4 protein chains.
Amino acid sequence: MTRESNTGGDKYHRILNAAVRVFARQGFFQSTVSQVAREAGVADGTIYLYFKNKEDILVQFFSYRARQVFDDFKIAVDRAESAFGKLKCLIDRHLATFQEDRHMAVVYLSEIHQISRVAEPQIRAMSQRYADIVASIVECGQQEGSIRENLNLGLVKRMIIGAVDEVISTWLHAENEYDLTSLADPLADLLMHGIGSAAFGHARR
Amino acid sequence: MTRESNTGGDKYHRILNAAVRVFARQGFFQSTVSQVAREAGVADGTIYLYFKNKEDILVQFFSYRARQVFDDFKIAVDRAESAFGKLKCLIDRHLATFQEDRHMAVVYLSEIHQISRVAEPQIRAMSQRYADIVASIVECGQQEGSIRENLNLGLVKRMIIGAVDEVISTWLHAENEYDLTSLADPLADLLMHGIGSAAFGHARR
Amino acid sequence: MTRESNTGGDKYHRILNAAVRVFARQGFFQSTVSQVAREAGVADGTIYLYFKNKEDILVQFFSYRARQVFDDFKIAVDRAESAFGKLKCLIDRHLATFQEDRHMAVVYLSEIHQISRVAEPQIRAMSQRYADIVASIVECGQQEGSIRENLNLGLVKRMIIGAVDEVISTWLHAENEYDLTSLADPLADLLMHGIGSAAFGHARR
Amino acid sequence: MTRESNTGGDKYHRILNAAVRVFARQGFFQSTVSQVAREAGVADGTIYLYFKNKEDILVQFFSYRARQVFDDFKIAVDRAESAFGKLKCLIDRHLATFQEDRHMAVVYLSEIHQISRVAEPQIRAMSQRYADIVASIVECGQQEGSIRENLNLGLVKRMIIGAVDEVISTWLHAENEYDLTSLADPLADLLMHGIGSAAFGHARR
DNA sequence: TATGAATGAGAATTCATTCAT
DNA sequence: AATGAATGAATTCTCATTCAT
């Protein structure tokens with residue numbers, strides 16, 4: 001009965017995309033189902049043929065749309081050779097994807113906490129996906145000797161995703177436009193080598 | 001009825017604290033003014049003697065409560081000597097403060113995007129405050145030679161605050177309790193030296 | 001899906017029977033056309049090929065189905081010889097019919113008042129039919145001397161149908177099952193001879 | 001928190017009475033909360049200060065208003081001496097009460113089946129109250145010899161209440177007004193002595 | 001005939017805010 | 001200052017009905 005099997009997924013995706021636009025503009029709770037319907041060019045009631053309720057639109061968004069985005073990161077990362085290359089690639093894809101779909105970026109960054117109460121599993125799945133990618137990068141780097149041993153993987157993952165999300169968030173709220181992806185390499189460099197000077201060496205070791 | 005945490009304050013603070021508790025529990029938009037009033041032990045109408053409207057409670061929270069927290073960071077950082085010490089101190093204070101006031105942490109992390117539409121200036125002020133602290137640390141480090149030159153200060157600030165926020169966020173959603181501050185040093189180390197191995201040196205330079 | 005009770009009938013009767021089942025379960029106003037359609041195994045739109053609107057299903061039910069039931073009473077009553085026999089027969093048929101079709105019983109007893117606003121004529125027709133039967137029984141009884149003269153026929157009819165309906169209604173809401181028809185004779189006896197003792201005779205006369 | 005303790009029970013009873021009028025006119029399901037509010041001269045939202053929801057209005061009606069009516073019957077019956085007198089008294093009060101408050105009568109007769117799904121206990125309580133009254137009449141009659149032994153009390157109660165309700169129901173739907181209470185004595189007589197002629201005697205005995 | 005996706009009017013309910021006390 | 005009853009606009013969601021296929 002779920003409508004992925006819709007004729008071409010037409011209305012379903014029209015509504016989903018419209019919803020993301022509206023939510024990005026006004027926030028989830030300040031958006032009305034009517035607004036989403038109008039933006040999608042359907043009647044109010046039509047929404048409920050495809051979504052259980054207003055919240056379900058957000059859940060579906062995170063379940064399918066955003067999740068798939070994270071899956072794509074994996075593919076991109078696998079193409080790079082070195083750990084550093086992979087890291088740059090991950091961050092670049094992350095930044096590029098969100099830059100390409102600003103609406104999704106806004107909704108992802110603003111509403112994920114709201115939705116986490118109801119769609120905890122989906123959120124965890126995305127988070128885990130990211131953690132897996134980071135783990136694979138770290139492992140690769142440790143094998144080639146470019147990444148140090150004894151890392152707290154979870155912490156590394158949190159640092160990376162936190163840094164990237166914050167970079168995106170700042171970009172979203174910036175007054176003047178600028179190219180987000182141009183920050184991929186500098187950020188990857190920072191994450192790889194830290195802010196410390198090489199001269200001082202690694203304090204701990 | 002709840003009077004335990006009535007920190008001797010007047011009605012204004014009683015309401016503000018009650019609101020943070022309620023908002024943390026249910027989210028801003030899913031909380032009602034009545035709930036805040038009940039939690040504060042005042043009548044619904046009383047809220048409006050101290051706050052312009054529901055949203056204003058959140059704005060006041062960010063204007064005074066959260067902002068002051070960021071101000072405190074500055075003081076703590078100034079006490080440390082080395083740049084690395086300052087960084088650890090900043091992160092430690094950040095983590096400790098949010099660990100001590102979980103309600104504030106939830107509201108800060110969840111609702112800041114909602115409020116940003118209406119309280120952009122306050123948000124910017126906090127952000128700028130953090131940027132200043134980071135800048136002072138970097139400057140200090142560069143003078144003592146422990147932090148490299150040519151850093152994109154804004155990017156460094158975003159990396160740090162993003163990493164810390166993500167660490168806090170993960171802690172908030174974790175199933176089992178753990179000590180957040182114990183992550184301060186490991187995280188500071190990561191930010192300082194990156195995940196790369198010293199052996200490889202700084203690729204770029 | 002439910003096809004068991006599809007009494008070989010065409011769509012019209014399939015829908016009508018399905019509707020009675022659904023209405024009995026949930027009440028007319030709390031039932032949806034979709035539910036009736038699903039129960040009947042047809043598409044929503046198909047309902048409207050056979051019925052003017054939702055209400056019309058109920059009207060048709062009372063027009064044809066329930067009405068026919070009352071017609072059957074007449075036939076049964078005519079077979080009995082004595083007035084008392086006829087009365088017992090009427091009540092027995094009444095109880096037996098409703099016991100056999102519990103769904104109809106529920107709808108008849110619960111929804112007749114709702115429908116009376118729109119299908120007054122049908123209701124009156126059924127009521128008149130019952131009044132006629134009662135009148136024929138009374139007439140028969142008066143001829144054979146078993147029923148007293150000077151009866152308010154309308155009142156007698158109301159007493160009988162009221163008593164029987166109430167007996168059925170109680171049975172419907174009873175917690176444990178019991179045989180409804182076993183109450184036919186006791187009730188007929190009560191209606192025939194009243195609750196007074198013979199010794200006291202008829203007070204009035 | 002329940003609002004019986006309202007200042008004079010003002011709004012609460014205004015709404016309850018308005019609701020009964022509206023429900024009587026249109027039926028419960030075809031009445032809107034807005035209509036009740038308008039009839040009561042209050043805002044829509046005010047309804048919800050006194051009633052949990054629309055259905056609760058009906059439940060409260062049956063819980064307090066109608067139930068009390070049944071309680072009154074008891075008092076009236078106790079005043080009469082003979083069993084026959086008590087019976088006439090019961091029926092007279094029953095008819096008079098409903099004649100005096102036509103709205104209540106309509107709602108009671110039309111909506112009791114709807115509400116029984118949700119307020120089974122209240123309905124049972126009223127029914128039991130009536131059964132008790134009937135039982136006391138019968139017992140009294142049996143002691144004085146005016147009512148026969150071996151009666152199925154439950155059946156007698158169902159016959160009486162069914163007959164009375166049907167008489168009221170017919171009166172409600174009648175085209176021309178007539179005095180309902182004038183039927184009390186004839187009906188009591190019928191219930192007491194049945195429709196049979198004294199000459200024929202009691203078949204069973 | 002039959003379908004069932006789409007519609008959109010309509011209803012219940014909530015809740016921020018006001019204001020008489 | 002404080003109260004909390006009252007308001008009514010706004011919102012979500014339902015569902016009878018239609019109509020293109």
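Sequence lines set the chain letters: A, B, ... in the order given, protein chains first and strands last, and positions in each chain run from 1. Values below: all heavy atoms of this structure, side chains included; hydrogens, waters and symmetry mates excluded. On a predicted model such as this, the values are computed, not experimentally measured, just so you know.
- Residues Asp10(D) and Arg14(D) are paired through a salt bridge, judged by an N-O separation under 4.0 Å between the basic side chain and the carboxylate.
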Discussion item. Could you go through Tyr108(C) and Met126(C), starting from their C-alpha distance and side-chain angles, then the distance that decides it, and tell me whether this counts as side-chain contact (heavy atoms from CB on, under 4.5 Å)?
Written reply: CA-CA 11 Å; Tyr108(C) 171 74; Met126(C) 288 196 304; 4.0 Å; yes

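- Here dA6(E) presents its P atom at 8 Å from CD1 of Ile15(A), a figure rounded to the nearest Å.
- As rounded to whole Å, 14 Å separates atom P of dA12(E) from atom CG of Asp56(D).
- Between His113(D) and His173(C), the two ring planes are parallel [angle under 30°; tilted spans 30° to 60°].
- At least one side-chain heavy atom of Tyr12(D) sits less than 4.5 Å from a side-chain heavy atom of Phe51(D).
- In the model, Tyr50(D) has no side-chain atom that pairs as donor or acceptor with a side-chain atom of Gln60(D) under 3.5 Å.
- A donor-acceptor pair is defined here as one N or O able to donate and one able to accept, closer than 3.5 Å; no such pair exists between the side chain of Ser127(B) and the backbone of Ile123(B).
- Phe28(A) is listed as a side-chain neighbour of Glu55(A), based on a closest heavy-atom distance under 4.5 Å.
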Practice prompt. Using a 4.0 Å cut-off on protein heavy atoms (strictly under), produce a 5'-to-3' string for nucleotides 9-14 of chain F with B for base contact, S for backbone-only sugar-phosphate contact, and - for none.
Written response: --SSBB

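- For the pair Lys54(B) and Tyr48(B), the cation-pi criterion (under 6.0 Å, within 45° of the ring axis) is not fulfilled.
- Closest-nucleotide positions on DNA chain E for Thr46(C) and Thr46(D) were compared, and the one nearer the 5' end corresponds to Thr46(C).
- For the pair Arg38(B) CZ and dT3(F) P, the computed distance is 14 Å after rounding to whole Å.
- Straight-line distance from the CD1 atom of Ile47(C) to the C1' atom of dA2(E): 12 Å, rounded to whole Å.
- Looking at heavy-atom distances under 4.0 Å, Tyr50(C) makes contact with sugar-phosphate atoms alone, never a base.
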Worksheet entry | DNA chain E base-pair string [pairs: Watson-Crick or G-U under 3.5 Å; |: paired with another strand] | .||||||||||||||||||||

Item to complete: Go through the steps for Glu39(B) and Arg25(B) under the test salt bridge (charged side-chain N to carboxylate O under 4.0 Å, His left out), then give the verdict.
Response: CA-CA 12 Å; Glu39(B) 178 92 17; Arg25(B) 198 159 55 228; 3.2 Å; yes

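- A close approach under 4.0 Å does occur between a side-chain nitrogen or oxygen of Lys11(B) and OP1 or OP2 of dA2(F).
- Between the CZ atom of Arg14(C) and the C1' atom of dA2(E) there is a distance of 12 Å, given to the nearest Å.
- Side-chain atoms of Leu49(B) lie closest to dA1(F) of the nucleotides dA1(F), dA6(F), dA2(E).
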